Amino acid sequence: MDSLPMSMDKDSLQQLLSEIDTVLLDCDGVLWRGAQGMDLIPRANEVFTRLQNMGKNVFLITNNSTKTQDSYYDKCRTLGFSVERDHILSAPYILAQYLREINFRRKVYVVGAPGLAQELQKVGVPCTGVGAEKIEGSIYSALAQGSLGLDPQVGAVAVGFDREFNYDKIVRATSYLADPECLFLATNTDEKYIVTGTRYHLPAAGVLVNTIQKASGRTPQIMGKPSLNMFYMLQARYNVQPEKTLIIGDTLHTDILFGNECGMWTVLVLSGVSTLQEARQLTVGQDPQKQKQVPLFYLQSIADILTLMDEPDNQQVNDQAH
Ligand SMILES: [Mg+2]
């Protein structure tokens, strides 16, 4: 990838749709947005249905670390997306499925939201750590006396977004990770949530993951994009082939990087995090790492897919003109 992203036109969309059988849609910034994530991007649900009616296998893939697959399913139904439950892959779901597949039999210390713990419990993995953690009394004495309240059953630390994140949690997570046998898993490494309409952003899960990583000196296994874990699951369960797959996302360093790393077709929509200027800037200097984040095409919004599909083709326009 060494060229500028292209604006998609009707011909390139038709060509692309003839090549692919699978579509991966990021959620926030592509299908919906807003503080509660309940503002539907206009016509996004119609695009979803149209792609399904064309026989495409459509999946939703999200790095959101706080929600379960079930809660996403309910949200999708509310917003008019006729998605099947097992076609929703969120980072907590991937993390839980990973532990199920490796036949993990111990407990997980969760630095994360209740949704992450619920996803683990669904696959029969017990958890501890959700909510405010407090080590009583002097932390120095607790450490010296071995009374940090560590659970000997814990065999993994899982980190996602956690509103209750505090110093005592860092101490406990770090102490578990002092055992090299203890797994270190993270939902995602996104560092910001953009709050539309303000100049502020919220620090996201990646900031907490970085903290535990620094404190423990360990490197986590990441489950969300741009890590390839989501793709491995899609490949194993649904035989998804990257050259026949399109990913549509709003974030260059997660969605588009993931798509390019897998060898998929990539489309950036400009309704979320990343801008066209940022995408173009990545091509300057020919840095191969940056070029992996450059999309093949861009669209203002996912709704443009319908506009392009419904546009009369050039031949018809010419015929009508005569
Ligand atoms: Mg997004």
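Since this is a predicted model, take the numbers as computed values, not measurements. Numbers for residues simply follow the sequence, beginning at 1. We count ligands from 1, going down the list as the structure has it; atoms in each ligand are counted the same way. What's counted below: heavy atoms across the whole structure, side chains too, no hydrogens, waters or symmetry copies.
Results of the salt bridge (charged side-chain N to carboxylate O under 4.0 Å, His left out) test with Asp70 over Arg77, Lys75, Lys122 single out Lys122 as the only residue that passes. Exactly one residue among Trp32, Phe81, Phe59 makes a ring-ring contact (aromatic ring centres under 6.0 Å, His included) with Phe48. That residue is Phe81.
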Result block: side-chain N/O donor-acceptor pairs under 3.5 angstrom for residues 173-186, not counting sequence neighbours:
from	atom 1	to	atom 2	distance (Å)
Thr174	OG1	Ile170	O	2.5
Ser175	OG	Val171	O	2.7
Tyr176	OH	Asp151	N	2.7
Asp179	OD1	Glu181	N	2.8

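The main-chain N or O of Pro152 is found under 3.5 Å from a side-chain atom of Arg106 such that the two form a donor-acceptor pair.
Neither side chain, Glu84 nor Tyr73, offers a donor N or O lying under 3.5 Å from an acceptor on the other. Using modelled atom types and a 3.5 Å distance limit, the side chains of Asn57 and His87 yield a donor-acceptor pair.
If you look at the Mg ion (ligand 1), the protein N, O or S atoms less than 2.8 Å from it are Asp26 OD2, Asp28 O, Asp250 OD1.
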